[in-house]
Protein chains: 2
Amino acid sequence: MQNLLRNFKVVIHEKLYLKDPETSELGKKIVGESILLIDEIGFESFTFKKLGARISSNESSIYRYFENKHKLLLYLTSWYWGWMEYKLVFQTANIANLNVRLKKAIEVLSEEIQEDTNISHVNEKILNAIIINEYSKSYLTKEVDHENKEGYFAIYKRLVGRFETIIQEAQPNYVFAASLASTVIEGVLHQHFLKQHFPSLTTCNKHTAPQQFFTDLVFSTLNLKEYE
Amino acid sequence: MQNLLRNFKVVIHEKLYLKDPETSELGKKIVGESILLIDEIGFESFTFKKLGARISSNESSIYRYFENKHKLLLYLTSWYWGWMEYKLVFQTANIANLNVRLKKAIEVLSEEIQEDTNISHVNEKILNAIIINEYSKSYLTKEVDHENKEGYFAIYKRLVGRFETIIQEAQPNYVFAASLASTVIEGVLHQHFLKQHFPSLTTCNKHTAPQQFFTDLVFSTLNLKEYE
DNA sequence: TTAAAATTAATAGTATTACTATTATTATTG
DNA sequence: CAATAATAATAGTAATACTATTAATTTTAA
């Protein structure tokens with residue numbers, strides 16, 4: 001995994017940035033540090049001015065890379081889902097047994113990111129924390145239809161589609177595969193959030209991971225046995 | 001239902017407002033019109049100044065009722081979940097059969113609000129649209145733990161708890177009742193959103209309602225038959 | 001009925017945000 | 001070494017999210 005990821009670069013919609021942040025040190029710093037800063041102070045309080053101060057750079061220099069903070073968020077979330085897609089594809093490839101593959105897919109999608117893989121300037125563990133807290137804000141906007149048409153959510157949609165296929169192949173009779181796929185991917189984020197802030201609303205805690213809940217949910221719904 | 005609702009008033013945490021908007025015409029106008037305006041322009045673009053212009057009142061007068069627009073959103077969402085709780089309790093009361101009761105609960109929680117009941121200055125159909133688009137923003141904040149401690153999410157938590165109980169009573173062996181309850185309630189909003197903006201990510205459309213998906217999901221998961 | 005109290009409206013003002021524009025400086029490359 | 005590209009610095013703007021003060025109006029209670 002480590003090795004495979006070494007040559008990994010997420011291809012992100014080029015309208016999401018003005019200048020590709022991967023092509024310069026400043027760009028990488030903007031991406032890397034914005035993740036840390038958004039995690040610390042939250043997306044609402046995050047500004048390019050504060051980020052500039054933090055990386056000893058200027059507000060206006062950041063505007064050379066990203067039009068505004070919303071586009072930066074779309075960039076970061078695309079990166080995350082692209083990385084997740086990569087993990088999903090690699091970790092489920094070559095698993096012949098459809099049930100085992102489905103189980104693995106749920107595992108990849110729902111496991112907590114424990115470590116930064118150090119493959120890049122991106123801290124995946126903290127990026128995961130941001131996704132849990134901020135992802136919804138990237139699409140719960142009045143511009144969503146326009147931005148969707150532009151293709152800004154393409155990676156996420158492709159990921160949901162891949163998971164839908166894995167579900168459908170494991171149980172061809174099931175008619176709600178798309179909804180189940182999107183419910184699980186969204187639900188995973190939600191359960192992680194509840195675990196941290198509303199423990200009474202979730203069964204998940206130190207001993208029970210979202211993975212267990214969703215594995216049980218999907219296999220029961222599809223009327224499949226986890227081991228066979 | 002109409003009649004029962006006539007004497008209905010949601011009891012909302014008193015720290016969510018500075019002056020109870022139910023006690024004056026201006027207050028009711030603020031609540032009623034804020035729903036319409038947020039629906040029209042989205043929560044991000046919504047300001048008290050714009051609302052003031054719309055109700056031919058002054059920005060500063062609105063500040064007499066609500067500290068800021070975040071508190072107003074918490075007020076509106078509390079109202080919505082309180083109304084939902086009321087519907088849930090009434091519509092599931094006196095249903096002896098536990099499976100039938102569970103099915104009814106899912107129906108109440110997932111059905112599309114078709115009509116404004118005209119019981120108040122609140123347009124429930126539009127409020128429902130707001131909840132779909134904006135509810136997450138009320139808790140995906142850095143202040144969530146503090147606000148949760150204050151009790152601002154009490155009504156929502158009580159609703160999830162009630163649904164959890166209905167699930168647990170229908171299937172006492174099931175160990176993930178809390179997570180299933182929160183997943184369904186959150187998932188319903190998400191599926192309604194996807195239906196409108198990302199049709200490829202959901203099975204729900206004109207012919208298939210979220211209700212069908214979630215009814216199937218819950219009954220399969222709990223290993224119960226819908227009719228028996 | 002009238003005076004006090006409460007409510008609402010109007011005006012002004014502030015710090016911050018989310019930018020844009022311009023120019024100067026520094027680094028890179030051909 | 002010169003041209004070009006990238007970055008930094010400075011300044012400025014309209015809008016936002018408020019606060020404070022005072023004035024006008026309405027409500028209530030003696």
Side-chain angles (χ1 to χ4, degrees), chain A residues 14-34 37-38 40-76 121 134 137-138 140-143 146-147, chain B residues 14-34 37-38 40-76 121 134 137-138 140-143 146-147:
Chain A
E14 55 173 26
K15 274 200 183 170
L16 288 181
Y17 48 78
L18 297 169
K19 176 183 154 85
D20 187 349
E22 293 289 327
T23 62
S24 78
E25 276 314 305
L26 178 64
K28 287 175 193 169
K29 236 171 153 183
I30 289 170
V31 170
E33 289 291 322
S34 69
L37 187 54
I38 291 171
E40 279 172 33
I41 65 176
F43 188 66
E44 279 72 36
S45 301
F46 172 86
T47 69
F48 281 0
K49 197 168 194 171
K50 288 176 188 168
L51 179 60
R54 195 182 164 111
I55 60 177
S56 312
S57 180
N58 200 275
E59 190 190 7
S60 54
S61 303
I62 301 166
Y63 276 106
R64 297 254 153 173
Y65 286 85
F66 295 100
E67 238 177 289
N68 50 52
K69 69 176 185 173
H70 173 66
K71 286 272 174 81
L72 171 60
L73 181 62
L74 287 171
Y75 180 92
L76 296 177
H121 45 290
E134 322 289 0
K137 298 172 193 168
S138 75
L140 293 176
T141 68
K142 279 286 160 188
E143 295 76 34
H146 170 250
E147 294 185 347
Chain B
E14 55 173 25
K15 274 199 182 171
L16 288 180
Y17 48 77
L18 296 169
K19 177 183 153 83
D20 186 350
E22 294 288 328
T23 61
S24 79
E25 276 315 305
L26 179 62
K28 287 177 193 169
K29 236 172 155 184
I30 289 171
V31 169
E33 289 291 322
S34 67
L37 187 54
I38 291 172
E40 279 171 34
I41 65 176
F43 188 67
E44 279 72 35
S45 301
F46 171 87
T47 68
F48 281 1
K49 196 169 194 171
K50 289 175 187 167
L51 178 60
R54 195 181 164 111
I55 60 177
S56 314
S57 181
N58 200 275
E59 191 191 7
S60 53
S61 302
I62 300 166
Y63 276 105
R64 297 255 151 174
Y65 287 84
F66 295 100
E67 238 179 289
N68 49 52
K69 69 176 185 172
H70 173 68
K71 287 272 174 82
L72 171 60
L73 181 61
L74 287 172
Y75 180 92
L76 296 177
H121 46 289
E134 323 288 359
K137 299 171 193 169
S138 76
L140 293 176
T141 68
K142 280 285 160 186
E143 295 75 36
H146 170 249
E147 294 185 347

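Here is the naming used below: chain letters follow the sequence lines, and residue numbers restart at 1 for every chain.
- Rounding to whole angstrom units, NZ of residue Lys71(A) and P of dC19(C) are separated by 10 Å.
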Criterion side chain to side chain contact (heavy atoms under 4.5 Å, CB included) on Lys137(B) and Leu140(A), from CA distance to verdict: CA-CA 9 Å; Lys137(B) 299 171 193 169; Leu140(A) 293 176; 3.7 Å; yes
For Glu25(A) and His121(A): C-alpha separation, side-chain torsions, deciding distance, then whether side chain to side chain donor-acceptor pair (under 3.5 Å) applies. CA-CA 10 Å; Glu25(A) 276 314 305; His121(A) 45 290; over 6 Å; no
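- Taking CZ from Arg54(A) and CZ from Phe46(A), the interatomic distance works out to 9.5 Å, rounded to the nearest 0.5 Å.
- Annotation: cation-pi pair Lys69(B)/Phe43(B) present, NZ/CZ under 6.0 Å from the ring centroid and within 45° of its normal.
- Of the residues in residues 17-27 of chain A, Lys19(A), Ser24(A), Leu26(A) come within less than 4.0 Å of DNA chain D through at least one heavy atom, sorted by number.
- Interface residues of residues 52-70 of chain B facing DNA chain D, ordered by number: Glu59(B), Ser60(B), Tyr63(B), Glu67(B), Asn68(B), Lys69(B); criterion, heavy-atom separation under 4.0 Å.
- Distance, Lys29(B) NZ to dA9(C) C1': 13 Å, rounded to whole Å.
- With respect to the salt-bridge test (charged N to carboxylate O, under 4.0 angstrom), the residues Glu33(B) and Lys29(B) do not qualify.
- For the pair Glu59(B) and Lys49(B), the salt-bridge criterion is not met [side-chain N within less than 4.0 Å of a carboxylate O].
- Summarising the geometry, the separation between CG on Leu72(B) and C1' on dC18(D) is reported as 15 Å, rounded to the nearest angstrom.
- When the C1' atom of dA9(C) is taken as reference, atom CG of Leu51(B) falls 15 Å away, rounded to whole Å.
- Judged purely by atom type and a 3.5 angstrom limit, Ser45(A) has no side-chain atom pairing as donor or acceptor with the backbone of Gly42(A).
- Between Leu73(B) atom CG and dA17(D) atom C1' there is a gap of 16 Å when expressed in whole angstrom units.
- Ion pairing between a basic and an acidic side chain is recognised when a charged N comes within 4.0 Å of a carboxylate O; Lys142(A) and Glu147(A) show no such pairing.
- Distance Phe46(B) CZ to dA17(D) C1': 12 Å, rounded to the nearest Å.
- Atom CD1 in Ile30(A) sits roughly 10 Å away from atom C1' in dT7(D) (whole-Å rounding).
- Atom P of nucleotide dT17(C) and atom CZ of Phe43(A) are separated by 14 Å, given to the nearest angstrom.
- Of the candidates Leu26(A), Thr47(A), Ile30(A), Ile62(A) forms a side chain to side chain contact (heavy atoms under 4.5 Å, CB included) with just one, namely Ile30(A).
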